[in-house]
**Q** 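Have a look at this one.
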Amino acid sequence: MSTTKKLWLGLAALLIASFGVMLWLGSELYRTKPPVPERVVTQAGQVLYTRADIDKGRQVWQSIGGQQLGSIWGHGALVAPDWSADWIHREVVARTELMSRAKAGVPSSALTPEELAGVHAGIKREFRANTYDAKTGDLVVSDERALAMSAVAAHYMSLFSNDPATHELRETYAMRENTVPDESHRRALTSFIFWTAWAASTDRPEKVDVTYTNNWPYDPAIGNVPTSSAFMWSMFSILFLIAGIGLLTWHYAAYHGKEEAPVPPARDPMLDLTITPSMKATAKYFWIVVALFLVQIVLGATTAHYQVEGQEAYGFKIAEYLPYSLTRSWHTQLAVLWIATAWLGTGLYIAPAISGHEPKFQRFGVNFLFVCLLVIVIGAFGGQWFAVMQKMGLDKNFWFGHQGWEYVDIGRFWQAFLFIGLLLWLFLVGRALWPALRRKDEMSSIVGLMFLSTVAIGLFYGAGLMWGEKTHISVVEYWRWWVVHLWVEGFFEVFAVAVLSFLFVKLGLIRGKTATNNVLFATIIYLTGGVLGMFHHLYFAGTTTAAVALGASFSALEVVPLAIIGLEAHETWRHGQSVPWMARYRWPIMFFLAVSFWNLVGAGLFGFLINTPIALYYMQGLNLTPLHGHTALFGVYGMLGIGLMLFCLRGLKGNALWHTGTLKASFWAFNIGLTLMAVLTLLPLGTLQLQAALDHGYWYARSAEFMGKPIVDVLVWMRMPGDIIFSIGAVLLGWFVLRHWILPKADPSFDETTPADVQRTIDQSPL
């Protein structure tokens with residue numbers, strides 16, 4: 001059996017096993033998720049909240065931005081608090097004060113340490129006791145606890161209104177005035193926040209000292225401390241990492257680079273490529289990539305500035321028109337959209353290039369899909385504005401407004417429209433690739449893998465349609481990470497690896513068989529950790545210990561390929577230096593080299609920093625999370641998208657003079673700006689938050705008291721140099737694309753003579 005066939009069989013077995021386990025654990029999650037009570041009642045029989053209140057409260061939370069305004073169970077934005085942790089802390093404080101006055105007749109500040117410890121022990125017992133009755137659906141709380149809950153609810157009723165008493169707190173949290181104008185909606189919102197806090201502080205019925213969220217958030221006052229499984233599986237994940245690195249290093253030493261590289265052609269083979277009408281039509285995709293990228297940066301700067309002034313931007317009351325939750329929603333979505341558009345445009349460009357076939361009406365399909373993408377962006381973003389500004393009713397919000405789930409928070413109608421658009425993209429790329437798929441040559445496996453990754457990209461976004469408006473939050477989180485982790489981080493990466501390998505084979509720099517085996521092996525390595533590694537996002541989202549074990553073990557393996565990233569970078573650099581004409585591709589190659597660097601730093605170092613259960617237990621939702629997010633999302637996927645875009649632009653106008661000085665400045669501005677952003681703000685601020693969480697509890701690291709410290713203001717302002725340099729890089733990239741397309745100059749060194757021209761000259765020669 002050939003090596004290629006063995007690798008295909010290995011990849012098939014891996015995918016069947018991995019997705020089988022994922023679906024099994026998903027079914028377990030449906031069975032063990034935290035229950036939503038039909039009623040929350042006191043011992044005296046008073047009904048505090050109903051299931052309808054909690055469901056409506058979640059609708060309200062989603063309509064104002066959901067995870068884009070603070071977070072729930074650690075998932076979401078970072079300026080406002082994590083509402084689950086905040087409720088727990090505020091209820092503990094209120095309960096302590098009430099118990100102190102009831103038992104000792106004095107405020108809690110007057111108690112001795114021994115008396116205070118006794119009060120806290122009683123509060124801990126009450127919090128941890130699971131008083132949910134599965135038969136009746138009732139959650140029973142003591143009359144005394146109901147008083148504390150009422151005090152916390154009153155705080156939130158004030159906070160989400162325009163009450164002057166909580167104005168300063170709204171400024172610190174970057175909340176607009178009257179975030180929830182309707183009083184009944186505010187009351188319902190308090191019921192949802194209470195339920196998330198209850199699930200995070202109450203023992204599972206089958207486990208002692210383990211809450212539905214595996215004891216997250218860290219709060220010693222109620223006994224929320226790391227579980228034994230968090231320690232144990234963190235240790236095993238490090239062992240898996242070391243073993244994986246050892247095995248991969250042995251494989252590279254034994255097998256990699258054993259075949260001789262082909263003799264590179266004397267002339268760029270891509271010059272013979274026929275640019276079809278549909279390939280030309282992809283140019284507009286790259287224009288929109290740059291436009292979306294520039295808008296995303298403006299929104300990112302606005303979102304970051306909210307941490308400084310709260311509701312204003314240099315005196316202008318921006319929160320009244322573009323609230324923080326809205327600018328952050330658009331900023332995070334545009335990050336995915338412009339990168340995905342770059343890759344989608346590359347797919348549409350590269351498919352006819354591979355097959356040499358232009359299907360009928362292909363250009364119309366490319367143009368129609370482009371119009372659909374514009375309609376989706378404008379419609380979805382407009383709907384979110386109406387939702388967050390509370391100008392859209394709750395009954396329409398799910399379909400046309402703001403779903404509230406980070407990265408997948410556009411309305412369901414627009415979400416379904418985008419899924420249909422991706423299926424159209426799959427159809428367009430597939431029909432153009434079809435002749436190449438039918439050919440049996442050394443490129444067939446690469447083409448086949450690229451086609452399968454195209455299928456996966458088209459279909460896996462459909463996981464975002466697997467939940468409804470009232471689906472349990474744990475189940476939504478499960479399917480949401482199918483999209484965010486598997487769609488973006490998994491199969492787009494396989495697609496990119498296949499495209500890059502094809503380009504290097506097409507350029508005559510590596511052999512087709514060698515590239516095929518390398519791509520298949522790399523895909524197996526990526527997906528071994530990448531598929532089941534998804535569960536490291538779900539440690540504290542209502543899952544059981546099985547998710548902790550699988551997530552810890554396989555997310556560690558995600559880092560394994562990055563151990564030999566230097567070899568890949570060297571190989572990419574060697575290809576770029578192999579022949580003089582490769583100078584035409586110097587800057588796409590440089591962006592691919594940057595991908596290797598940020599893969600190691602952003603995805604590898606900063607990713608593994610937060611991936612183990614014990615680390616993420618303390619770090620989830622702190623600035624160490626966006627440290628990984630920014631350096632991995634832009635550093636890896638963004639740089640890759642730009643590199644692919646430049647490769648396509650090089651082919652679309654092959655005889656145009658490239659202004660390499662502009663690209664050089666843009667490239668270094670991106671890398672320097674991203675580095676400064678990471679080391680001057682995100683890393684030190686995240687580290688300070690980590691220390692605060694360890695010393696006082698998670699709630700404190702996200703509190704207004706901590707985030708209002710002068711050192712935090714200084715660190716936030718320290719983002720400005722990196723942000724400015726990074727933004728200059730984006731403007732230069734935009735200027736390069738505009739100038740390259742609108743005001744092109746012919747390259748005087750460009751040789752348009754093709755082998756056919758040479759042969760024609762010979763045939764016509766009288767000699």
**Q** Listing request: all salt bridge (Lys or Arg N to Asp or Glu O under 4.0 Å) pairs with a residue in residues 15-35, at least two apart in sequence or in separate chains.
**A**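 Applying salt bridge (Lys or Arg N to Asp or Glu O under 4.0 Å) to every pair that reaches into residues 15-35, excluding sequence neighbours, yields Glu28-Arg31.
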
**Q** Answer yes or no: is there a side-chain heavy-atom contact under 4.5 Å between Tyr637 and Val336?
**A**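 A side-chain contact is absent here, since even the closest heavy-atom pair is not under 4.5 Å.
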
**Q** Hey, could you give me the CG/CG distance between Leu337 and Leu418, rounded to the nearest 0.5 Å?
**A**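 Result: 7.0 Å between the selected atoms.
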
**Q** So, Thr303 and Thr327: side-chain donor and acceptor under 3.5 Å apart, yes or no?
**A**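 A pair is found: one side chain offers a donor N or O, the other an acceptor, under 3.5 Å apart.
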
**Q** Looking at Met619, is its backbone amide N or carbonyl O close enough to the side chain of Thr625 to form a donor-acceptor pair, meaning the two atoms are under 3.5 Å apart?
**A**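 Answer holds: yes.
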
**Q** Taking it one step at a time, do Leu465 and Arg412 satisfy side-chain contact (heavy atoms from CB on, under 4.5 Å)?
**A** CA-CA 8 Å; Leu465 305 176; Arg412 173 53 56 86; 3.7 Å; yes

**Q** Tell me which one of Trp481, Trp405, Phe540 satisfies ring-ring contact (aromatic ring centres under 6.0 Å, His included) with His75.
**A**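 Going through Trp481, Trp405, Phe540 one by one, the ring-ring contact (aromatic ring centres under 6.0 Å, His included) with His75 is satisfied by Trp481 alone.
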
**Q** Would you check if there is a donor-acceptor pair between the side chains of Asp82 and Ser71 at a distance under 3.5 Å?
**A**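 Present: a donor and an acceptor within the cut-off.
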
**Q** Considering only heavy atoms from C-beta outward, does the side chain of Ile54 approach that of Pro37 to under 4.5 Å?
**A**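 The answer is yes; the side chains approach within 4.5 Å.
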
**Q** With distance as the sole criterion, is a donor-acceptor pair present between the side chains of Gln62 and Asn397 under 3.5 Å?
**A**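 On atom types as modelled, these side chains do not qualify, holding no pair under 3.5 Å.
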
**Q** With the side chain counted from C-beta on, respond yes when Arg204 and Thr211 share a heavy-atom pair under 4.5 Å apart, and no when they do not.
**A**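 They are not in side-chain contact.
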
**Q** CZ of Phe398 to CH2 of Trp467: how many Å apart, nearest 0.5 Å?
**A**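 It is 8.0 Å, given to the nearest 0.5 Å.
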
**Q** Is there a side-chain contact between Tyr478 and Leu538 in this structure, where contact means two heavy atoms from C-beta onward sitting under 4.5 Å apart?
**A**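 Tyr478 vs Leu538: side chains touch.
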
**Q** For the residue pair Ser237 and Ala552, what are the closest heavy atoms and their distance?
**A**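 So the two residues come closest at CB-O, 3.1 Å.
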
**Q** For Val595 versus Leu640, what's the shortest heavy-atom pair and its separation?
**A**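 In this case the closest contact between Val595 and Leu640 is CG2-N, 3.4 Å.
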
**Q** With a 3.5 Å cut-off and no angle check, do the side chains of Asp219 and Tyr700 form a donor-acceptor pair?
**A**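 Tyr700 and Asp219 do not have a side-chain donor-acceptor pair below 3.5 Å.
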
**Q** Answer yes or no: is there a side-chain heavy-atom contact under 4.5 Å between Ile193 and Leu189?
**A**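 Answer yes - side chains close enough.
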
**Q** Any chance the side chains of Thr202 and Trp198 put a donor and an acceptor closer than 3.5 Å?
**A**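 The criterion, which ignores hydrogens and geometry beyond distance, is satisfied for Trp198 and Thr202.
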
**Q** Mind checking the OG1-NE2 spacing from Thr681 to His630? Nearest 0.5 Å is all I need.
**A**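 Output value for this atom pair is 10.5 Å.
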
**Q** To the nearest 0.5 Å, what is the distance between CH2 (Trp482) and CZ (Phe19)?
**A**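 If I round to the nearest 0.5 Å, the distance is 5.5 Å.
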
**Q** Please test Arg702 against His89 for side-chain contact (heavy atoms from CB on, under 4.5 Å), starting from the C-alpha separation and ending with a verdict.
**A** CA-CA 12 Å; Arg702 295 282 302 275; His89 172 69; over 6 Å; no

**Q** Check whether the side chains of Gln333 and Gln384 place a donor and an acceptor atom closer than 3.5 Å, and report yes or no.
**A**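 Indeed, the side chains of Gln333 and Gln384 share at least one donor-acceptor pair under 3.5 Å.
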
**Q** Under 6.0 Å between ring centres, would you say that holds for Phe192 and Trp61?
**A**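 Yes.
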
**Q** Mind checking whether Leu11 and Thr523 have side chains closer than 4.5 Å, heavy atoms only?
**A**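 Leu11 reaches Thr523 side chain to side chain.
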
**Q** Salt bridge between Lys207 and Asp203, side-chain N to carboxylate O under 4.0 Å?
**A**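 Looking at Asp203 together with Lys207, the answer is no, because their closest N to O distance does not fall below 4.0 Å.
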
**Q** Please work out which of the three classes, parallel, tilted or perpendicular, describes the rings of Phe417 and Phe413, given edges at 30° and 60°.
**A**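 Aromatic pair Phe413/Phe417 classed perpendicular.
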
**Q** Apply side-chain contact (heavy atoms from CB on, under 4.5 Å) to Phe521 and Ile524, showing your working.
**A** CA-CA 5 Å; Phe521 181 76; Ile524 290 172; 5.5 Å; no

**Q** Could you walk me through whether Leu423 and Leu459 pass side-chain contact (heavy atoms from CB on, under 4.5 Å), step by step?
**A** CA-CA 7 Å; Leu423 293 181; Leu459 296 182; 3.7 Å; yes

**Q** Is there a ring pair (Phe, Tyr, Trp, His ring centres under 6.0 Å) between Trp73 and Trp87? Walk through the geometry before answering.
**A** CA-CA 12 Å; Trp73 295 348; Trp87 179 290; over 10 Å; no

**Q** What's the separation between atom CD1 in Ile410 and atom CH2 in Trp330, rounded to the nearest 0.5 Å?
**A**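 Reported value, rounded in 0.5 Å steps: 13.5 Å.
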
**Q** What's the shortest heavy-atom distance between Leu25 and Ala546, and which atoms?
**A**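 Heavy atoms only, the tightest pair is CD1-CB, 3.7 Å.
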
**Q** Could you tell me which non-hydrogen atom of Thr631 sits nearest to which non-hydrogen atom of Leu627, and how far apart they are?
**A**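 Answer, listing the atom of Thr631 first, then Leu627: OG1-O, 2.6 Å.
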
**Q** Under a 3.5 Å cutoff, is there a donor and acceptor pairing between the side chains of Gln403 and Glu469?
**A**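 Short answer, no.
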
**Q** Please answer whether the main-chain N or O of Gly602 pairs with a side-chain N or O of His628 as donor and acceptor at a distance below 3.5 Å.
**A**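 Here the side-chain-to-backbone pair exists.
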
**Q** Backbone N or O of Asn611 within a donor-acceptor pair of the Tyr539 side chain at under 3.5 Å?
**A**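 Checking the backbone N and O of Asn611 against the side chain of Tyr539, a donor-acceptor pair under 3.5 Å is found.
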
**Q** Shortest non-hydrogen contact from Tyr324 to Leu69?
**A**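 Minimum heavy-atom separation between Tyr324 and Leu69: CD2-CD1, 4.4 Å.
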
**Q** Of all heavy-atom pairs between Ala199 and Pro34, which one has the smallest distance, and what is that distance?
**A**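 In terms of heavy atoms, the two residues are closest at CB-CB, 3.9 Å.
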
**Q** Could you check whether any side-chain N or O of Trp216 sits under 3.5 Å from a backbone N or O of Tyr617, counting only pairs where one atom can act as donor and the other as acceptor?
**A**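 Between the backbone of Tyr617 and the side chain of Trp216 there is a qualifying donor-acceptor contact (under 3.5 Å).
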
**Q** Report yes or no: does Asn623 contribute a side-chain atom to a donor-acceptor pair with the main-chain N or O of Leu685 at less than 3.5 Å?
**A**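 No; judged by distance alone, with no hydrogens or angles, the pair does not exist.
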
**Q** Would you please indicate yes or no on a ring centroid separation below 6.0 angstrom for Tyr698 and Tyr618?
**A**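 So the answer is no for these two rings.
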
**Q** Please enumerate all residues that pass salt bridge (Lys or Arg N to Asp or Glu O under 4.0 Å) together with Arg58, with sequence neighbours excluded.
**A**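 Here no residue qualifies.
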
**Q** Can any side-chain N or O of Ser63 pair as donor or acceptor with the backbone N or O of Ala387 at less than 3.5 Å?
**A**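 Such a contact is absent between Ser63 side chain and Ala387 backbone.
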
**Q** For the CD1 atom of Ile238 and the OG1 atom of Thr612, what is their distance to the nearest 0.5 Å?
**A**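 The distance works out to 6.5 Å.
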
**Q** Could you tell me if Asn224 and Arg128 have a donor-acceptor pair between their side chains, going purely by distance under 3.5 Å?
**A**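 Yes, a side-chain donor-acceptor pair sits under 3.5 Å.
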
**Q** Are Leu609 and Leu624 packed together at the side-chain level, in the sense that at least one heavy-atom pair is separated by less than 4.5 angstrom?
**A**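 Answer yes - side chains close enough.
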
**Q** If we check side chain to side chain donor-acceptor pair (under 3.5 Å) with Glu477, which of these qualifies: Gln67, His537, His472?
**A**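 Checked Gln67, His537, His472 against Glu477; only one passes side chain to side chain donor-acceptor pair (under 3.5 Å): Gln67.
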
**Q** Hey, are the side chains of Trp699 and Pro217 touching, using non-hydrogen atoms and a 4.5 Å cut-off?
**A**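 The answer is no; the side chains never approach within 4.5 Å.
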
